[in-house]
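Contents: one structure, followed by commentary.
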Protein chains: 2
Amino acid sequence: MENRFVEKATGAISDKYRLAILLELSRKGSLTSTDVQELTGLSQPCVSHHVKLLTDSGLVDSKKEGRNVHLSLNKTCIQQLSDFIEKLT
Amino acid sequence: MENRFVEKATGAISDKYRLAILLELSRKGSLTSTDVQELTGLSQPCVSHHVKLLTDSGLVDSKKEGRNVHLSLNKTCIQQLSDFIEKLT
DNA sequence: CAAATACATTTAAACTTTTAAATATTTGGT
DNA sequence: ACCAAATATTTAAAAGTTTAAATGTATTTG
């Protein structure tokens with residue numbers, strides 16, 4: 001397990017908007033960037049920036065379909081992070 | 001589970017020095033602030049600041065004994081964070 | 001009680017992150 | 001081909017974080 005992954009992934013979670021996105025993805029399974037804009041009330045470029053942090057961290061996958069981006073959780077990656085943290089104990 | 005806890009705890013982890021402290025605490029069980037200074041090579045005030053972030057987040061406990069501070073992992077808290085992340089999947 | 005040790009606080013500079021406005025790109029519908 | 005919709009990029013300002021120097025506060029030891 002790479003420390004750099006853990007730093008990026010925890011950094012991606014540690015923001016109220018990004019945490020809200022992760023929780024909503026967990027509830028709904030998938031979201032578009034427009035959904036995220038409605039969810040957070042942030043400007044479109046700002047949403048684009050937060051989404052990029054989430055996808056760059058590996059926690060979120062994005063798939064472009066037509067002009068929409070479909071976001072979903074990368075469950076493997078989330079499980080890896082959870083396991084890493086649990087193993088600290 | 002409070003989102004604010006998750007934000008603070010993940011924020012506390014998402015730094016190379018603080019992650020190194022957590023890993024060393026995991027290996028060794030406990031450390032003093034002086035140990036952390038040796039581990040990281042950071043200045044004493046800077047160590048004091050990072051240790052404060054870790055203890056404020058709840059992930060690390062500190063107990064003052066004489067003039068030393070003994071740091072240790074709060075395993076309950078770490079387990080709670082791990083569980084929260086796992087439940088996203 | 002004086003000196004030394006361990007740690008905390010204050011301050012200020014350097015750096016990073018967050019945000020939105022402006023603009024660009026890509027795709028879909030007419 | 002044109003227009004609208006969805007998203008990305010660039011830029012710049014505001015806010016937050018990280019760092020160390022200087023200083024402060026307990027606590028132990030001689």
Side-chain angles (χ1 to χ4, degrees), chain A residues 3-25 28-74, chain B residues 3-25 28-74:
Chain A
N3 285 4
R4 198 68 195 83
F5 157 68
V6 175
E7 284 167 48
K8 282 185 94 170
T10 52
I13 298 174
S14 69
D15 170 90
K16 73 174 182 165
Y17 295 117
R18 295 192 297 265
L19 181 52
I21 294 167
L22 291 169
L23 286 165
E24 191 74 346
L25 282 172
K28 293 250 180 76
S30 96
L31 295 172
T32 65
S33 295
T34 303
D35 293 335
V36 172
Q37 235 177 294
E38 279 158 20
L39 175 69
T40 60
L42 291 169
S43 69
Q44 179 272 314
C46 195
V47 165
S48 190
H49 171 248
H50 284 298
V51 165
K52 186 162 163 32
L53 289 182
L54 286 168
T55 56
D56 283 357
S57 76
L59 295 172
V60 167
D61 288 328
S62 84
K63 210 173 12 169
K64 194 156 195 178
E65 292 198 348
R67 39 188 180 188
N68 303 293
V69 166
H70 291 270
L71 304 170
S72 58
L73 295 179
N74 182 325
Chain B
N3 285 4
R4 196 70 194 82
F5 157 68
V6 174
E7 284 166 47
K8 283 184 92 169
T10 52
I13 297 174
S14 69
D15 171 269
K16 72 175 182 165
Y17 295 117
R18 295 191 299 265
L19 181 53
I21 295 167
L22 291 169
L23 287 165
E24 192 73 347
L25 281 172
K28 292 254 181 74
S30 97
L31 295 171
T32 65
S33 296
T34 302
D35 293 336
V36 173
Q37 235 176 296
E38 279 159 21
L39 175 68
T40 60
L42 292 169
S43 68
Q44 178 271 313
C46 194
V47 166
S48 190
H49 171 248
H50 284 298
V51 165
K52 187 162 162 34
L53 289 182
L54 286 168
T55 57
D56 284 358
S57 76
L59 295 172
V60 168
D61 289 328
S62 83
K63 213 174 10 172
K64 194 156 194 177
E65 292 196 349
R67 42 188 177 185
N68 303 296
V69 166
H70 290 271
L71 304 171
S72 58
L73 295 179
N74 183 325

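Protein chains get the first letters and strands the later ones, always in sequence-line order, with residue 1 at the start of each.
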field: Gap between atoms CZ and P, on B/Arg67 and D/dT27 respectively (whole Å)
entry: 11 Å

Whole-Å gap separating P (C/dT25) and NZ (A/Lys64): 13 Å

message: Please enumerate all residues that pass side chain to side chain donor-acceptor pair (under 3.5 Å) together with A/Glu24, with sequence neighbours excluded.
response: A/Arg27, A/Lys28

query: Does the side chain of B/Leu22 come within less than 4.5 Å of B/Val60's, by heavy atoms?
result: yes

- line: Across all chains, not counting sequence neighbours, the side chain to side chain donor-acceptor pair (under 3.5 Å) partners of A/Ser14 are none

- request: Not counting sequence neighbours, which residues clear side chain to side chain donor-acceptor pair (under 3.5 Å) with A/Asn68? List them please.
  value: none

- request: Could you state the atom-to-atom distance from CG of B/Asp56 to P of C/dT9 in whole Å?
  value: 10 Å

message: Within the 4.5 Å heavy-atom criterion, are B/Pro45 and B/His49 side-chain neighbours or not?
response: no

- prompt: In terms of side-chain heavy atoms of A/Ser48, which of D/dT9, C/dA8, D/dT27 is nearest?
  reply: D/dT9

query: If you fit an axis to the five pairs at each end of the helix from C/dC1-D/dG30 to C/dT30-D/dA1, how big is the angle between those two axes, to 10 degrees?
result: 30°

message: Minimum heavy-atom separation for B/His70 and B/Ser30, please, with both atom names.
response: ND1-OG, 4.4 Å

task: To the nearest Å, give me how far apart CD (A/Glu65) and P (C/dT26) are.
output: 19 Å

Check: protein-nucleotides 18-22 of chain C nitrogen or oxygen pairs below 3.5 Å:
{"from": "C/dT18", "atom 1": "OP1", "to": "A/Arg18", "atom 2": "NH2", "distance (Å)": "3.3"}
{"from": "C/dT18", "atom 1": "OP2", "to": "A/Arg18", "atom 2": "NH1", "distance (Å)": "3.3"}
{"from": "C/dT19", "atom 1": "OP2", "to": "A/His50", "atom 2": "NE2", "distance (Å)": "2.4"}
{"from": "C/dA20", "atom 1": "OP2", "to": "A/Ser43", "atom 2": "N", "distance (Å)": "3.2"}
{"from": "C/dA20", "atom 1": "OP2", "to": "A/Ser43", "atom 2": "OG", "distance (Å)": "3.1"}

- request: Let me know the distance between CD of A/Glu7 and P of C/dT17, rounded to the nearest Å.
  value: 11 Å

message: A/Lys64: which residues meet the salt bridge (charged side-chain N to carboxylate O under 4.0 Å, His left out) condition with it, sequence neighbours left out?
response: none

query: B/Lys52 has a side chain; which of C/dT9, D/dT9, C/dT26 sits nearest to it?
result: C/dT9

message: How long is the straight-line distance from OG of A/Ser33 back to CD1 of A/Ile21, given to the nearest 0.5 Å?
response: 9.0 Å

query: Which whole-number value in Å describes the distance from A/Asn68 CG to C/dT27 P?
result: 12 Å

message: Between A/Asp56 and A/Leu53 (side chain of the first, backbone of the second, donor and acceptor by atom type, cut-off under 3.5 Å), is there such a pair?
response: no

message: At less than 4.0 Å, is any side-chain N or O atom of B/Thr34 found next to OP1 or OP2 of C/dC7? Yes or no.
response: yes

- prompt: C/dA6 P sits how many Å from B/Asp35 CG, rounded?
  reply: 10 Å

- request: Check the distance between D/dT18's P and B/Ile21's CD1 and give it to me in whole angstrom.
  value: 12 Å

message: Need one value for A/Ser33: base, sugar-phosphate or nothing, where a base atom within 4.0 Å counts as base even if backbone is also close, heavy atoms only.
response: sugar-phosphate

